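Below: the structure, in structure tokens.
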Amino acid sequence: MSVVSNHHSNGNGNSTVYDTNGNDEIKKEVKDEPMASDSEVPFGELMKRDKKEKKQKKRKAESGSDEDDYKPEKRKSSAKNGKKKDVGSDSEDDYKPEKKKSKKNNKKKAQESSEDDDEESEGDVSEEDVKPQKRKSKGAEKSKPSTSKKDAGGKKEPPKKKVKKEEDIEDIWEWWKEEKKPAGVKWNSLQHCGPLFAPPYIPLPSHVHFKYGGEKMKLTLETEEIAQFYAGVLDHEYSTKEAFNKNFMKDWRKVMTVEERERIHDLKKCDFRAIDAYQKEQREIRKAMTKEEKLKIKEEKEAEVKIYGIAIIDGHRQKVANFRIEPPGVFRGRGGHPKMGLIKKRIMPEDVIINCGKDTEIPKPPPGHKWKEVRHDNTVTWLCSWTESVLGQNKYIMLNPSSKIKGEKDFEKYETARRLKKKIGGIRERYTDDFKSKEMRVRQRATALYFIDKLALRAGNEKDVDEAADTVGCCSLRVEHIKLFDSAKLNEDDKKEKEFVVEFDFLGKDSIRYFNRVSVEKRVYKNLKIFMEGKAPSDDLFDRLDTATLNDHLRSLMDGLTVKVFRTYNASITLQEQLIKLTNPKDNVAAKILSYNRANRQVAILCNHQRAVSKGFDESMQKLEQKIKDKKKEVKEAEAALKSARGAEKEKAQKKYDRLKEQLKKLKISRTDKDENKQIALGTSKLNYIDPRITVAWCKKFEVPLEKVFTKTHREKFRWAIDMTNSSDEEYVF
DNA sequence: TAACAGACTTGCGTTTAGGGCG
DNA sequence: CGCCCTAAACGCAAGTCTGTTA
């Protein structure tokens with residue numbers, strides 16, 4: 001896959017189709033049509049009821065139609081239990097869709113005969129590095145070229161003070177110049193101060209009342225605290241959702257006293273408005289605080305960071321990411337989360353597990369409390385953990401992305417993507433070949449992989465329907481999520497050709513809609529047709545595939561290869577290609593940055609990174625337009641002034657004119673950027689998908705100051721990349 | 001060996017702070 | 001110099017993938 005060639009749309013109208021391989025726009029208006037196959041399949045024998053079935057059943061119930069006379073093949077459990085792959089019984093002719101495959105049941109499929117692995121195993125680790133890493137002295141670190149470099153560009157260096165402070169926080173550890181630890185060992189020594197707990201609940205003042213059925217009611221502290229949570233969400237549309245309110249009420253009533261529970265039954269009769277008003281008032285008061293008061297708060301926060309924000313790991317001071325334990329509150333899932341509105345309980349020291357070095361000081365729990373457990377597990381990277389009360393999932397306090405432990409992993413991620421670059425040709429050949437495999441599961445695997453590669457889809461693990469919103473990724477796509485269109489198009493020689501178009505429309509991670517129409521290879525199209533045959537809309541498209549199987553296969557192709565590596569690889573290679581295409585060396589810095597952002601934007605589009613169009617967007621766009629208009633006027637005036645000016649005046653006028661002209665240019669660029677960015681979010685791809693070495697190399701090559709594209713946080717996280725990508729004439733690294 | 005638990009990355013919306021502007 | 005508004009930081013939900021268990 002070369003350039004970003006697909007087109008995602010957030011809207012619901014028709015959209016332009018782009019040919020992925022050739023980039024030629026086909027522009028085909030395809031309108032929504034009913035599914036070709038509308039029939040649904042009854043469940044055959046129901047063996048063990050699993051989540052998958054539950055899910056599908058539920059969906060069918062919702063969607064209504066649910067019958068058909070198709071007899072599903074014996075469940076794959078039989079195939080699976082019957083030992084290895086059911087070769088032969090899986091040919092195209094006798095392919096029968098798996099009924100609701102129980103993903104969980106049929107996880108382990110026979111392993112593909114793997115092609116020879118020729119990759120260099122990375123991460124070969126030498127023996128223990130018991131020797132204590134030497135701390136970089138502050139003086140030494142200051143003189144490091146890599147660090148001083150970035151500051152050099154800034155005009156007004158925030159003097160000493162700031163620099164000093166940063167040294168206090170974290171020391172610079174050039175781990176990428178050191179040997180790695182043995183596999184599995186994450187640290188040798190680890191010391192930290194534990195978590196910072198949420199501030200205690202502050203009761204409402206006596207004049208602020210909760211009312212029930214129009215009457216004032218004094219609540220117990222616990223009940224009142226939760227009432228405050230709801231008051232805080234009053235303006236939000238959450239509070240209009242039935243599930244939210246039902247869940248909230250259910251959990252709220254749990255903490256009520258008997259008397260309260262007796263009385264408070266109906267959320268509609270609850271009046272939180274006074275509490276809401278009080279909260280808003282408090283916010284205003286905070287905002288209106290004097291400078292001194294604000295400074296004091298800031299200093300207190302900084303003091304907390306100094307204590308809890310640092311861990312000492314193998315002798316190095318490293319930033320901790322999220323040392324504040326999440327305060328209690330109401331759970332707000334995204335999309336149609338079934339558990340929205342439930343209460344997240346307050347986390348106490350007794351809930352918290354501490355992980356630290358054996359020989360270091362154990363963090364002290366708050367007075368009168370004790371930890372749930374203290375352990376010394378150096379095979380994991382977390383410092384503290386607890387179980388969150390809504391979903392029962394573990395939460396962790398971990399290190400900041402600037403730390404060695406995170407950085408090294410990130411570096412490895414991009415190294416894996418680079419290795420994929422070398423193998424991608426062969427892998428594509430392989431899956432293209434597999435499009436026509438006799439084994440249907442191989443075909444499904446190949447077809448899914450094609451989408452993962454071409455469209456950067458996520459893997460799509462199985463999800464529990466009761467615990468999460470209904471979202472999917474590639475492997476969990478259902479028939480209802482795609483539509484097939486075939487139509488004729490004219491090629492250059494005016495010859496009629498078949499065009500095969502697939503439309504995707506589903507909710508992905510965070511319930512963000514993925515909508516895209518792409519033209520695909522004929523084989524893929526035909527395969528999809530087969531996979532959809534005789535299935536209900538709520539059946540799995542790839543009924544003989546799951547993420548574990550797919551990843552097993554990928555690992556057989558390349559060491560460390562998983563589905564998500566494709567996303568990383570395609571994001572990075574896309575940025576690089578777009579940069580090559582879009583950068584004009586003659587441009588000024590602002591224009592180059594626009595090019596960078598445009599390249600970045602292609603990546604974001606590929607990965608479907610969206611953001612809600614903010615309410616103020618149009619308004620602020622208009623403001624910008626006005627600014628541009630005003631500036632134009634100024635330029636004109638300056639131009640006139642320039643013409644009439646003489647002598648010394650002339651030079652001055654010229655300067656003014658040039659300056660204004662430049663400002664106008666800048667404004668126009670920012671308008672373009674802003675507009676193109678309306679609903680696309682660049683941040684995620686920049687932070688998580690694009691190999692930072694590409695950006696660093698580009699900045700050096702085109703003399704764009706790195707801080708124009710990388711924030712301070714980026715530069716801290718990607719210190720390794722900044723240091724590694726050295727020579728200014730180095731070719732792109734990817 | 002399927003299911004579950006655990007660990008860690010990714011991603012969006014919200015909050016905050018600092019850079020540009022009058 | 002202060003204000004305002006946006007970009008950056010933060011918070012935490014929701015993914016991926018691996019390791020463990022029954």
Side-chain angles (χ1 to χ4, degrees), chain A residues 48 50-51 77 80-81 102-109 156 158 184 186 236 283 286-287 291 294 297-298 301 321-322 324-327 329 331-335 337 339-340 344 353 355 377 379-382 385 387-388 390-396 398-401 405-406 409-410 413 458-464 467-469 471-476 508-512 546-548 550-552 554-555 560 562-565 567-568 571 604 607-612 614 616 619-620 623-624 627 663 666 670 674 677 681-689 710-714 716:
Chain A
K48 227 168 33 189
D50 66 354
K51 284 172 187 162
S77 48
K80 146 200 98 213
N81 290 340
S102 121
K103 296 231 151 131
K104 305 252 149 135
N105 273 345
N106 91 3
K107 247 201 173 123
K108 253 297 143 23
K109 283 280 188 136
K156 38 166 177 240
K186 305 293 172 64
H236 205 286
R283 231 169 292 155
R286 270 185 71 91
K287 253 207 300 211
K291 265 183 292 190
K294 279 182 179 168
I297 289 176
K298 198 178 165 193
K301 273 206 154 169
N322 54 324
R324 283 170 219 279
I325 287 205
E326 295 169 20
F331 175 82
R332 302 144 84 121
R334 300 182 208 275
H337 197 114
K339 301 226 163 169
M340 64 170 80
K344 290 197 296 178
I353 302 173
N355 192 34
D377 182 355
T379 69
V380 296
T381 68
W382 53 267
S385 77
T387 304
E388 158 265 332
V390 172
L391 299 166
Q393 292 171 143
N394 289 350
K395 298 276 197 169
Y396 305 93
M398 289 184 183
L399 293 175
N400 188 279
I405 248 171
K406 294 293 185 187
K409 199 82 188 297
D410 206 39
K413 174 180 79 184
R458 295 187 188 83
N461 281 308
E462 201 50 50
K463 297 172 75 184
D464 185 336
E467 299 284 318
T471 64
V472 297
C474 188
C475 292
S476 50
K509 182 176 178 180
D510 293 314
S511 294
I512 296 292
D546 59 53
T547 55
L550 182 52
N551 280 332
D552 277 351
L554 292 177
R555 263 189 298 273
T562 61
V563 169
K564 86 186 187 77
V565 179
R567 242 168 113 78
T568 310
C607 294
N608 200 221
H609 290 143
Q610 299 188 7
R611 62 154 167 228
S614 65
E619 197 189 328
S620 85
K623 262 189 196 162
L624 187 56
K627 258 187 175 174
Q663 284 175 346
K666 258 193 193 161
S670 77
K674 189 175 176 141
N677 236 10
L682 306 188
T684 299
S685 51
K686 194 187 270 189
L687 200 61
N688 297 305
Y689 285 103
F710 275 176
T711 66
K712 175 167 145 283
T713 316
H714 285 125
E716 281 170 12

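Letters go in sequence order (proteins before strands), and every chain restarts at 1. None of the values given here were measured: they were computed from a predicted structure. Keep in mind that the numbers below use all heavy atoms, side chains included, and drop hydrogens, waters and symmetry copies.
Counting any heavy atom pair closer than 4.0 Å across all strands shown, A:Ser385 reaches no nucleic acid atom. At the heavy-atom level, A:Arg283 lies nowhere under 4.0 Å from the strands shown. Across all strands, A:Lys186 comes closer than 4.0 Å only to sugar-phosphate atoms, never to a base (heavy-atom distances). Nucleic acid contact for A:Tyr689: sugar-phosphate only, since backbone atoms but no base atoms lie under 4.0 Å from a heavy atom of the residue. Backbone-only engagement by A:Arg458 is indicated by non-hydrogen atom pairs under 4.0 Å involving sugar-phosphate atoms exclusively. Within the nucleic acid shown, A:His714 has no heavy atom closer than 4.0 Å to any nucleic acid atom. As judged by a 4.0 angstrom heavy-atom cut-off over every strand, A:Pro401 is placed among residues making no nucleic acid contact. Counting non-hydrogen atoms under 4.0 angstrom, A:Lys686 reaches nothing in the nucleic acid. Across all strands shown, A:Lys509 has heavy atoms under 4.0 Å from base atoms, whether or not it also approaches the sugar-phosphate.
In summary, the side chains of A:Asn394 and A:Ser385 do not present any donor paired with an acceptor at a separation below 3.5 Å, with no hydrogens or angles considered.
Between the side chain of A:Arg611 and the base of B:dC12 there is no donor-acceptor pair of N/O atoms closer than 3.5 Å.
With DNA chain C read from its 5' end, the first of the two nearest nucleotides for A:Gln393 and A:Asn400 is the one closest to A:Asn400.
The side chain of A:Lys564 lies closest to C:dC17 when the candidates are B:dG11, C:dA14, C:dC17.
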